[in-house]
Amino acid sequence: RAEANFFRSATGEMVFPVKTLSGLANQAGYTDGPWLESAFDTPTDLVLSENDQKLYVAEAGNQRIRCLDLNEGTVSTLAGSGVHGHVDGNRTVARFAFPHGLALIEPEGEMPFLCVADTGGHTIRRVDLHDGSVSTLMGQFLRAGHQTGAFDGALLSEPRGICKAS
């Protein structure tokens with residue numbers, strides 16, 4: 001049916017066409033490469049770069065942040081080893097604990113980066129878009145709570161979303 005490929009609004013009206021860019025339907029997994037040969041496990045959020053050339057995906061099932069290159073038609077891992085945990089460092093050793101929300105931050109005159117709501121770790125992480133390195137911006141791993149203060153002293157409880165104010 002042609003209408004199966006359209007997103008429907010809350011009123012049931014067909015709004016715009018929907019097309020699979022990447023991943024295999026009903027098959028969780030982890031594979032980088034061409035869009036239609038790639039695999040994902042529980043993608044939870046995505047954000048488009050301002051130049052519309054990259055789509056970043058938080059992937060809770062694989063504990064990774066992935067990147068779809070919209071010009072090349074490929075998927076690659078930006079950061080995350082695939083092992084659950086909390087490790088800051090380079091893109092291949094960094095560990096996430098069910099990353100969910102993403103926000104793209106592009107400070108004027110500086111390199112852009114992603115903020116990641118790392119739900120299971122109760123932290124907000126920073127992923128450098130140049131080299132994929134990961135660092136903790138806020139919260140303390142496995143220490144949930146509600147406490148304001150300096151970024152390293154603040155406590156969060158399962159952050160799921162994050163946004164950038166204009």
I65 with L129, same ILVMFWY side-chain cluster at under 4.5 Å: yes
side-chain hydrogen bond (donor to acceptor under 3.5 Å, both in side chains): pairs with one or both residues in residues 108-121, sequence neighbours excluded: H100-T119, D118-R125
Within one Ile-Leu-Val-Met-Phe-Trp-Tyr cluster: L55 and L102, side-chain cutoff 4.5 Å: no
Step-by-step side chain to side chain contact (heavy atoms under 4.5 Å, CB included) determination, D45 to I162: CA-CA 10 Å; D45 198 8; I162 190 165; 5.6 Å; no
Minimum heavy-atom distance between W35 and T74, given as atom pair plus value: NE1-N, 3.3 Å
Which atom of M111 lies closest to which atom of P107, heavy atoms considered: O-CD, 3.9 Å
Any side-chain heavy-atom pair of L46 and L48 under 4.5 Å: no
Connected via hydrophobic side-chain network under 4.5 Å: V134 and L137: no
D128 side chain to S133 side chain, donor-acceptor N/O pair below 3.5 angstrom: no
Any Q63 side-chain heavy atom under 4.5 Å of S81 side chain: no
For G80 against R64, the heavy-atom pair lying closest together: O-NE, 3.5 Å
same_hphob_cluster(V127, V57) at 4.5 Å side-chain heavy-atom cutoff: no
Validation: residues 91-99 side-chain donor-acceptor distances under 3.5 Å, sequence neighbours left out:
from : atom 1 : to  : atom 2 : distance (Å)
R91  : NE     : L78 : O      : 3.3
R91  : NH2    : T77 : O      : 2.2
T92  : OG1    : N90 : OD1    : 2.8

Those residues that, when tested against R143, pass side-chain hydrogen bond (donor to acceptor under 3.5 Å, both in side chains) (two or more places apart): Q140
Partner set under side-chain contact (heavy atoms from CB on, under 4.5 Å) for L142, not counting sequence neighbours: none
Main-chain N/O of T136 paired with D88 side-chain donor or acceptor, under 3.5 Å: yes
Atom of G132, atom of A79 and distance for their closest heavy-atom approach: O-CB, 3.4 Å
Partner set under side-chain hydrogen bond (donor to acceptor under 3.5 Å, both in side chains) for E59, not counting sequence neighbours: N62, R66
Residues which pass side-chain hydrogen bond (donor to acceptor under 3.5 Å, both in side chains) with N51, listed by chain and number, not counting sequence neighbours: S49
For the student: nearest non-hydrogen atoms of M138 and A154, plus distance: CG-CB, 4.0 Å
Co-membership, hydrophobic cluster, residues V116 and V47, 4.5 Å side-chain: yes
Least distance between heavy atoms, P112 atom then E106 atom: CB-CG, 3.6 Å
Aromatic plane relationship, H84 with F141 - under 30° parallel, 30 to 60° tilted, over 60° perpendicular: tilted
